[in-house]
Protein chains: 2
Amino acid sequence: MATPTTAADPQSVGLRERKKRRTRDALVDAAHRLFLCHGYGRTTVDEIASEVEVSQRTFFRYFANKEEVALAVLAEAEAAFLEFLRARPAEENPLEAMRGAVREVWQAVDRGQGGGPDSGPAALELFELIESTPTLLAAHLRHSIQQEVEVARILADREGLDPAVDLRPRLLAAVFGTVVRLSHLSYAADPDAHRHSMDGMLALIERHFDQLGPALAGSWR
Amino acid sequence: MATPTTAADPQSVGLRERKKRRTRDALVDAAHRLFLCHGYGRTTVDEIASEVEVSQRTFFRYFANKEEVALAVLAEAEAAFLEFLRARPAEENPLEAMRGAVREVWQAVDRGQGGGPDSGPAALELFELIESTPTLLAAHLRHSIQQEVEVARILADREGLDPAVDLRPRLLAAVFGTVVRLSHLSYAADPDAHRHSMDGMLALIERHFDQLGPALAGSWR
DNA sequence: TTGTCGAATGTCAGCGGCTGACATAATGTT
DNA sequence: AACATTATGTCAGCCGCTGACATTCGACAA
């Protein structure tokens with residue numbers, strides 16, 4: 001950001017930074033392979049590290065704990081979401097802005113900018129791994145609410161509100177996060193029903209949002 | 001439940017069961033004291049165990065992990081909520097039923113049935129401990145999600161719906177959980193503003209629910 | 001009371017996540 | 001080429017957690 005050269009220029013960034021990036025990516029990659037193959041609990045940090053020919057100590061210099069390496073790609077997607085949300089035009093209302101931002105994230109993933117060419121299917125497998133691993137699920141949920149806090153701040157900024165006084169930004173961020181999560185769950189539960197990849201995911205989110213009103217209404221019959 | 005004698009009768013339950021109950025309660029009690037005094041991370045399981053004069057191994061026979069002993073009282077409250085919700089009259093709509101159930105939980109806590117006489121202030125301290133301890137927060141959120149699943153099942157049963165098809169129960173359960181959590185946060189952030197104890201908590205939840213509609217509406221200005 | 005059975009507890013050894021401290025090697029800079 | 005900086009390796013050690021086995025304690029009947 002601070003450097004005038006573009007991020008894609010290999011000369012702009014020193015060998016040191018490139019190397020760090022490489023080993024980090026290699027660690028994430030090896031971890032995913034091992035987690036999906038043998039399960040999260042049965043995979044040792046030593047195994048991940050030695051797969052990349054790196055000491056265990058080095059692993060913990062890149063990731064604070066074992067969960068973080070599993071959730072790394074998700075964290076990048078969440079950061080991208082925040083960027084997109086900040087960049088949405090000011091005339092959109094909060095809900096429109098969030099829908100637009102989440103659409104941009106999935107489009108970026110489809111373009112293969114999210115770590116590897118087949119990030120779509122990989123994302124699905126990752127969701128299943130997280131949902132079926134209590135430790136990962138817990139860590140993921142904790143990150144999600146942190147994400148909600150920052151989303152709420154962005155929304156409050158856009159609308160010129162004080163988030164400490166007005167609870168609506170926080171509330172809407174939380175509800176939005178819930179809807180997205182439930183969509184991921186439905187999607188992972190039956191991927192074949194929405195094979196059109198990310199189109200299906202967006203459509204699901206829309207449908208869930210449409211049900212929000214009826215769900216809050218008095219009676220369901 | 002299965003025995004005809006009342007649960008309060010000390011003779012109905014053997015010495016064995018009573019002893020187990022005692023050590024379990026003692027462990028929870030000691031753990032809370034130490035956590036609140038020295039912090040969660042700086043408290044060792046060995047310390048908790050030796051405080052009750054019990055081996056570390058025994059501790060792990062009562063609680064699957066260190067988090068569980070911290071969240072034990074919360075787990076009881078959540079179980080009570082499910083019971084109350086199941087017992088709500090059938091003519092109430094989902095939202096009314098949940099509001100009624102949460103009210104009953106707080107009333108029970110006020111009556112001191114939730115582990116000790118001053119469960120109210122203790123509950124507040126516990127919330128703060130959880131929110132300020134990443135590990136505990138993660139575990140708590142995971143439990144909350146599980147709670148939402150069971151709440152959704154109860155709601156679907158009440159309304160005669162199939163939760164696998166109709167997403168509204170799950171959605172409403174999640175939104176409700178979010179509202180309750182945000183209420184706890186607001187409450188813990190400034191307890192003096194709602195000193196009327198549990199009255200204040202219920203009023204907070206009501207206010208948050210009232211803001212749900214406006215938060216979902218298009219524009220906030 | 002005594003004897004027997006099952007359940008609860010203690011002890012021990014060990015794995016795996018994680019950290020601090022220090023030495024070494026690699027990289028960037030002058 | 002010499003130096004400063006930074007990444008990495010090595011080692012020791014704490015703590016959470018588990019399996020296996022021995023021991024003790026409460027329940028129940030003879």
Side-chain angles (χ1 to χ4, degrees), chain A residues 2-3 5 9-28 30-31 34-35 38-72 133-139 142, chain B residues 2-3 5 9-28 30-31 34-35 38-72 133-139 142:
Chain A
T3 68
T5 56
D9 183 1
Q11 296 296 41
S12 70
V13 57
L15 168 62
R16 210 166 202 149
E17 299 297 319
R18 259 183 297 151
K19 230 175 162 181
K20 277 189 0 184
R21 186 75 191 177
R22 276 218 328 257
T23 60
R24 197 195 136 92
D25 290 349
L27 282 172
V28 170
L34 292 171
F35 289 161
H38 307 134
Y40 178 81
R42 275 181 298 280
T43 302
T44 302
V45 171
D46 291 275
E47 292 172 349
I48 303 172
S50 67
E51 189 88 359
V52 191
E53 295 184 284
V54 151
S55 79
Q56 189 216 44
R57 194 64 182 85
T58 294
F59 174 94
F60 283 112
R61 287 201 179 91
Y62 280 90
F63 305 97
N65 45 51
K66 198 175 153 190
E67 293 131 37
E68 202 172 296
V69 70
L71 303 177
T133 308
T135 308
L136 285 182
L137 183 55
R142 185 162 56 88
Chain B
T3 68
T5 55
D9 183 1
Q11 297 294 41
S12 69
V13 55
L15 169 61
R16 208 170 201 143
E17 300 297 320
R18 259 183 295 151
K19 226 174 164 183
K20 276 189 357 183
R21 188 72 190 176
R22 276 220 325 256
T23 60
R24 199 194 133 92
D25 290 350
L27 282 173
V28 171
L34 292 171
F35 289 163
H38 307 134
Y40 178 81
R42 275 181 299 280
T43 303
T44 303
V45 171
D46 291 275
E47 292 172 349
I48 303 171
S50 67
E51 188 88 357
V52 191
E53 296 185 283
V54 152
S55 79
Q56 188 214 47
R57 194 65 182 85
T58 294
F59 174 94
F60 283 113
R61 287 200 178 93
Y62 280 91
F63 305 97
N65 45 51
K66 197 175 152 189
E67 293 130 36
E68 203 173 294
V69 71
L71 303 177
T133 309
T135 310
L136 285 182
L137 183 56
R142 186 162 55 86

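Below, chains carry the letters A, B, ... as their sequence lines are ordered, and counting in each starts from 1.
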Chemist: I'd like to check A/V45 versus A/F63 (side-chain heavy atoms, cut-off strictly below 4.5 Å). Are they in contact?
Modeler: no
Chemist: With 3.5 Å as the limit, what N/O pairs link the protein to nucleotides 21-24 of chain D?
Modeler:
none

Chemist: Give the rounded distance in Å between these two atoms: CD of B/Q56 and P of D/dT18.
Modeler: 10 Å
Chemist: Between A/F60 (CZ) and C/dA21 (C1'), how many Å, whole number?
Modeler: 17 Å
Chemist: Looking for any heavy atom pair under 4.0 Å, which part of the strands does A/S55 touch: base, sugar-phosphate only, or nothing?
Modeler: base
Chemist: Taking for each residue the nucleotide of DNA chain C with the nearest heavy atom, is it A/R57 or A/D46 whose nucleotide lies nearer the 5' end?
Modeler: A/D46
Chemist: Of B/F59 and A/K20, whose closest DNA chain D nucleotide lies nearer the 5' terminus?
Modeler: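 Its nearest nucleotide lies further toward 5', so the answer is A/K20.
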Chemist: Measure from CD on A/E47 to P on C/dC15 and round the result to the nearest Å.
Modeler: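 Value for this atom pair: 14 Å.
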Chemist: Counting any heavy atom closer than 4.0 Å, what does A/T43 reach on the DNA or RNA strands: base, sugar-phosphate only, or nothing?
Modeler: sugar-phosphate
Chemist: What residues from residues 62-71 of chain A pass a heavy-atom cutoff of under 4.0 Å to DNA chain C?
Modeler: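 Correct list: A/A64, A/N65, A/K66.
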Chemist: Would you name the heavy atoms of B/A138 and A/A139 that are closest together and state the gap between them?
Modeler: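 Minimum heavy-atom separation between B/A138 and A/A139: CB-N, 4.3 Å.
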Chemist: Is there side-chain contact between B/Y62 and B/V28, with heavy atoms separated by less than 4.5 Å?
Modeler: no
Chemist: Find the distance between OG1 (B/T135) and NZ (B/K66) and round it off to the nearest 0.5 Å.
Modeler: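 Interatomic distance, B/T135 OG1 to B/K66 NZ, rounded to 0.5 Å: 8.0 Å.
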Chemist: Under the side chain to side chain contact (heavy atoms under 4.5 Å, CB included) rule, collect the residues that match up with A/S55, sequence neighbours excluded.
Modeler: A/R57, A/T58
Chemist: Starting at atom CZ of A/R24, determine the distance to atom P of D/dA7, rounded to an integer number of angstrom.
Modeler: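 Interatomic distance, CZ of A/R24 to P of D/dA7: 14 Å.
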Chemist: What is the distance, rounded to the nearest whole Å, between atom CD1 of B/I48 and atom P of D/dC17?
Modeler: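 Distance check: B/I48 CD1 to D/dC17 P gives 10 Å.
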Chemist: Starting at CZ of B/R42 and ending at C1' of D/dC14, how long is that distance when rounded to a whole Å?
Modeler: 15 Å
Chemist: Working to the nearest 0.5 angstrom, can you tell me the gap between A/Y40 OH and A/L136 CG?
Modeler: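 A/Y40 OH to A/L136 CG: 5.0 Å, rounded to 0.5 Å.
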Chemist: State which residues pass side chain to side chain contact (heavy atoms under 4.5 Å, CB included) with A/E53; sequence neighbours excluded, sorted by chain then number.
Modeler: none
Chemist: Does D/dA7 have OP1 or OP2 sitting under 4.0 Å from an N or O in the side chain of A/K19?
Modeler: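 Checking D/dA7 against A/K19, no side-chain N or O comes under 4.0 Å of OP1 or OP2.
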Chemist: What distance do A/I48 atom CD1 and A/Q56 atom CD have between them, rounded to the nearest 0.5 Å?
Modeler: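 Between atom CD1 of A/I48 and atom CD of A/Q56 there are 10.0 Å.
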Chemist: For B/R18 and D/dA27, what is the distance between atoms CZ and P respectively, to the nearest whole Å?
Modeler: 8 Å
Chemist: Between the protein and nucleotides 3-6 of chain C, are there any N/O to N/O pairs under 3.5 Å, and if so, what are the atom names and distances?
Modeler:
{"unit_1": "C/dG6", "atom_1": "N2", "unit_2": "B/R16", "atom_2": "NH2", "d": "2.8"}

Chemist: Here's a test of your reading of the structure: between B/T23 and A/T44, which maps to the more 5' nucleotide of DNA chain C?
Modeler: B/T23
Chemist: Calculate, to the nearest 0.5 Å, the distance between atoms CG and CD belonging to B/L27 and B/E51 respectively.
Modeler: 10.0 Å
Chemist: Return the set of residues passing side chain to side chain contact (heavy atoms under 4.5 Å, CB included) with A/T44 (not counting sequence neighbours), or none when no residue passes.
Modeler: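 So A/T44 forms a side chain to side chain contact (heavy atoms under 4.5 Å, CB included) with A/D46, A/E47.
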Chemist: Decide yes or no for B/F35 and B/V69: does some side-chain heavy atom of the first lie under 4.5 Å from some side-chain heavy atom of the second?
Modeler: yes
Chemist: Please round to the nearest 0.5 Å and tell me the distance separating atom CZ of B/R22 and atom NZ of B/K19.
Modeler: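 So the CZ of B/R22 and the NZ of B/K19 are separated by 7.0 Å.
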